[in-house]
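Worksheet: the structure to be examined is printed underneath.
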Amino acid sequence: MLLILRSLSCLQVCSENELSCEHDCLRVFCTFLVQSHKMFSDVMQLLLDMLKREVLDNCKQSMQYFWLLSSYAQMGTKACAHLFSKNCFHLLVSFLIGQSPPTTPTTEELQPRRWSSLQAREFGQLHMTLSTLVMHCDVSPYRTVAAGLHKLSKLHNALPESLLKMPEDVHSALYGADSVRYIREVALSCREIDSCDTVANVDMLVYCSFCNETFSLIILRQIMNLYVSIASNELKPIFDVLYQLLLLEDPLQLFRLRCVIDCYIDKERSLLLKGMLSVIKESHLTDSRRSYQCIKFLVNLASKCPVAKDYLMQTSSSWHWAVNWLRKQMTDHCWTPTTVLPASNEDFSRKSFQRTISAQDTLAEATALLTELENKDQLSYMDVSDLEVTEITEMESEETAVDEALEQTCEMASLATAVVHTTSKESVNVTKTIGLDEID
């Protein structure tokens, strides 16, 4: 085992000198082990047994250990199947979140983390291993809505051609008793680990959210809690994950957008998660930078997602307030012509808003979106006005037709009366004439 760990150290040293050396050494090392199935199986079992004590006591030096497991999992479906047979997924999840304490729907999200944020920074390869294992499982039997004509969008890493039946441990971590705690760790890891390790997590979250309302709600709850509570300078990686989730095209896309833009109410847990429009309004005095970043996120989302743009246009009053607030901020934060503007508010650690080049671009795009919304409302008003005019014209035409019909009826009635009166006179004259003839 010491030889294996020393080999891993050598691989890491080689990787610093030559990028391809890491993969070549790993290939030679694993090929040597695979030549003897029993030896390879024994070595893998020894590696996984180290999770219970050696890795647990030396988590700060665990990156190389998890790197080996991740590299093996990425070799394909057979490697993942072998890891599943060794109970690898369950061991890794237990290492990450600990044992499941008794919880209720209102306390499961309040459980303390097993590892601090500083310790969790070493677990990038651990998350990559877990995500790779999940991506090799078939999640389609657990979808809550039919996909219809929708197809899963292209991920950063392509799905394997053959998928494995999902083991019970994976089902429990994604949809069962451990789902909230595990997915919370995944969401938190997006701001703690390197961005290159986050890609696998994002792919996994998108893959599991497709046509699955249960999973979508769990990850949205975690992210919505984060963008309200974490520091403003840590929002960018969280927004990057949320951006990919909201771009996912499936029958649940509008539902996810409604939750994030407006709010989400969980009656079962008595939870109210604030949407971004509410966060913008409530934070504009105490944390103006958070309000600005939420506006920037919505502007970028609307520019790439027509569904988000249409839905945002339905919240005209709130969006109008947000744009006017940003315009006022840009006006209040004046600068001299010789002042060099910073690139973005994301470069600062303080809560106050700063006038930046990026903020100017965001205001221009937000104003354009607001103008389009106002023009649309004006056209709708004109359409309604035209409809009212048309209805009034039709009513006047109907009234005119009725009046003409009444006039014609009156004329016909008068004519009929005159004819009857004339006929009566002629009858009387005829009668008189006959009577005189008889007398004569």
Side-chain angles (χ1 to χ4, degrees), residues 191 223-224 226-247 256-264 273-378:
R191 68 187 181 105
I223 293 179
M224 292 173 74
L226 286 175
Y227 70 58
V228 172
S229 59
I230 64 175
S232 301
N233 60 328
E234 296 181 335
L235 285 173
K236 187 179 185 303
I238 298 299
F239 281 168
D240 289 342
V241 178
L242 183 59
Y243 183 77
Q244 296 299 326
L245 289 172
L246 297 182
L247 286 181
R256 287 189 285 264
L257 287 167
R258 186 183 298 114
C259 290
V260 172
I261 295 176
D262 283 340
C263 68
Y264 170 68
L273 299 179
K274 299 175 183 177
M276 285 203 177
L277 292 176
S278 298
V279 174
I280 293 170
K281 218 165 195 178
E282 294 180 7
S283 304
H284 76 282
L285 293 177
T286 58
D287 194 349
S288 57
R289 184 179 168 194
R290 187 184 306 275
S291 297
Y292 163 71
Q293 287 186 270
C294 288
I295 294 176
K296 182 177 180 179
F297 175 84
L298 292 177
V299 168
N300 292 336
L301 180 65
S303 66
K304 297 293 184 182
C305 180
V307 180
K309 181 179 179 180
D310 292 341
Y311 186 77
L312 197 59
M313 285 188 172
Q314 298 176 19
T315 60
S316 57
S317 59
S318 299
W319 185 243
H320 193 281
W321 185 93
V323 175
N324 286 337
W325 172 82
L326 180 57
R327 185 181 292 114
K328 185 176 184 300
Q329 292 295 306
M330 294 292 290
T331 304
D332 293 344
H333 291 75
C334 298
W335 80 103
T336 60
T338 58
T339 303
V340 178
L341 289 177
S344 173
N345 276 271
E346 296 167 357
D347 301 331
F348 296 99
S349 59
R350 51 188 176 184
K351 294 183 178 182
S352 59
F353 170 83
Q354 298 294 314
R355 180 166 184 165
T356 63
I357 299 173
S358 176
Q360 288 180 318
D361 296 337
T362 300
L363 177 60
E365 295 179 18
T367 303
L369 185 61
L370 181 61
T371 302
E372 183 177 348
L373 172 61
E374 291 174 344
N375 291 339
K376 185 176 180 180
D377 291 342
Q378 186 175 1

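Since we're looking at a predicted model, the values are computed, not measured.
- The two residues Ser318 and Leu277 have their closest heavy-atom pair at CB-CD1, 3.9 Å.
- Side-chain contact check for Leu226 versus Phe239: every heavy-atom pair is 4.5 Å or farther apart.
- Atom OG of Ser303 and atom CG of Leu298 lie 11.0 Å apart (nearest 0.5 Å).
- Note that CH2 of Trp321 is 10.5 Å distant from CG of Leu326, once rounded to the nearest 0.5 Å.
- Pairing each heavy atom of Tyr264 with each of Cys259, the nearest pair is CD1-SG, 3.8 Å.
- Not counting sequence neighbours, Asn300 has no partner by the side chain to side chain donor-acceptor pair (under 3.5 Å) test.
- In plain terms, the two heavy atoms of Ser291 and Ser283 that are nearest each other are OG-C, 3.2 Å.
- Legend: salt bridge (Lys or Arg N to Asp or Glu O under 4.0 Å) pairs involving residues 275-284, not counting sequence neighbours, sorted by first then second residue: Lys274-Glu282.
- Here the closest heavy-atom approach between residue Cys294 and residue Met276 is recorded as O-SD, 4.0 Å.
- With rounding to the nearest 0.5 Å, the separation of CG in Leu247 from NZ in Lys304 is 9.0 Å.
- Of the inter-residue distances, the one linking Phe297 atom CZ with Ile261 atom CD1 reads 8.5 Å to the nearest 0.5 angstrom.
- Tested against Gln293, the residues Asp287, Val279, Leu235, Ile280 include a single side-chain contact (heavy atoms from CB on, under 4.5 Å) partner, Leu235.
- Arg191 contributes atom CZ, which lies 10.0 Å from atom CG of Asn233 (distance to the nearest 0.5 angstrom).
- Contact annotation: the side chain of Leu301 never approaches that of Leu242 to less than 4.5 Å [non-hydrogen atoms, C-beta and beyond].
- To the nearest 0.5 angstrom, Ser232 atom OG is 9.5 Å from Glu234 atom CD.
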